[in-house]
Amino acid sequence: MKKQIATNPAYRRVVAALDDCEKRYDGLIKRTGATNDLRLASTVAILKGEVEQRRRLEIELLTAVESERQRIGQDLHDDLCQRLGAIALLSGSLAKEVSVLDEELGQKLGTIPSLITETIVSCRNLARGLHPVTLASAGLPAALEELASRIPADVKFHWPHSERIDFEPMLALHLYRIAEEAVTNAVKHAGANSITIKLAILAGRPVLEIADDGKGIGQKLKAEGMGLRNMQYRASVIGGELTVEARKGGGTCVRCTLPLRKSVLRP
């Protein structure tokens, strides 16, 4: 998948722009050593513009990657799964025909459709992991509920059914990815058995919270973990605040708090 994403024209274009931005950074940083106040002020102003440009390019890069994940996920779900389903039907029909001539061979062939069906389930789960189809069709709460149902652990999802929370599509996608990353970290690194995902409104601000009963997050993982950096970056992109704290009694709590302007609340 990484190779396919790397060949995406939009991805290559943004990466090239980021490289150019990096080269300009190097030159600007060298110039900040000048003693002339006017020259220094001019350089700082240019540097601020470069920072904004880099941030915009990083967001475009993230969008390009998500678009490619969506394309691959849809291809898996709509094309490959359909083909596998057709093969399952054909092999099942063939097994019945063979059973008339050779019952034992027919029984062996009869196991093929069930194996293909299991493969279809795995393929659909993979497609959902690449791009949550439910997110676009039914919204963030439904997508988080589906996420909770397919994780190999005791994961529960809670949200206030009395409130309807409408998020912008890209905002909802970033929140979903934060929850997905936090749940994956809890299962993979913290050995959590019980995880709770909550989406709520606290003091007028939308809050996404993922709490687990794992062994906690070590200082090294907290400082160096790529997953945590990804969550923090996604939170910053949508104007949110991400905190990662130890829970009383053990475990970790990941919380992303958004400003009120990022959502529309309706009774």
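Bear in mind the structure is a predicted one, so any value in this text is a computation, not a measurement.
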Residue pair [X] / [Y]: nearest heavy atoms and the distance that separates them:
X      : Y      : result
Cys81  : Arg124 : SG-CG, 3.5 Å
Leu199 : Pro141 : CD2-CG, 4.3 Å
Ile116 : Ser91  : CD1-OG, 4.0 Å
Pro206 : Ile201 : CA-CD1, 3.8 Å
Arg150 : Asn125 : NH1-O, 4.4 Å
Ser99  : Gly106 : OG-CA, 3.3 Å

Using a 3.5 Å distance criterion without hydrogens, assess whether the side chain of [X] forms a donor-acceptor pair with backbone atoms of [Y].
X      : Y      : result
Arg234 : Leu175 : no
Thr119 : Leu115 : yes
Asp212 : Asn193 : no
Asp213 : Gly251 : no
Ser236 : Tyr233 : yes

Counting C-beta onward and ignoring hydrogens, is there a side-chain heavy-atom pair between [X] and [Y] closer than 4.5 Å?
X      : Y      : result
Cys253 : Glu209 : yes
His174 : Pro169 : no
Asp75  : Leu80  : no
Val207 : Cys256 : no
Met231 : Asn185 : yes
Phe167 : Leu173 : no

task: Quickly, which of Val254, Leu242, Ile197, Leu258 forms a side chain to side chain contact (heavy atoms under 4.5 Å, CB included) with Leu208? Name it, please.
output: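 Exactly one candidate clears the test, Ile197.
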- prompt: So among Val183, Thr252, Val244, which one has a side chain to side chain contact (heavy atoms under 4.5 Å, CB included) with Ile210?
  reply: Val183
task: Examine Met170 and Leu144 and state if one hydrophobic cluster contains both, with Ile, Leu, Val, Met, Phe, Trp and Tyr joined whenever side-chain heavy atoms are less than 4.5 Å apart.
output: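 Result: yes, single cluster for both.
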message: Using the rule that Ile, Leu, Val, Met, Phe, Trp and Tyr join whenever any side-chain heavy atoms are under 4.5 Å apart, tell me whether Leu90 and Ile112 fall into a single cluster.
response: no
Distance in Å, [X] [atom1] paired with [Y] [atom2], rounded so as to fall on 0.5 Å steps:
X      : Y      : atom1 : atom2 : value
Ser149 : Leu147 : OG    : CG    : 7.5 Å
Thr117 : Ile87  : OG1   : CD1   : 11.5 Å
Leu109 : Leu94  : CG    : CG    : 5.5 Å
Glu118 : Leu84  : CD    : CG    : 12.5 Å
Lys198 : Thr196 : NZ    : OG1   : 6.5 Å
Leu76  : Ile120 : CG    : CD1   : 12.5 Å

- prompt: Hey, mind stepping through Glu103 and Lys96 against salt bridge (charged side-chain N to carboxylate O under 4.0 Å, His left out) and telling me if it holds?
  reply: CA-CA 9 Å; Glu103 184 176 355; Lys96 291 179 181 179; over 6 Å; no
query: With a 3.5 Å cut-off and no angle check, do the side chains of Thr257 and Glu241 form a donor-acceptor pair?
result: no
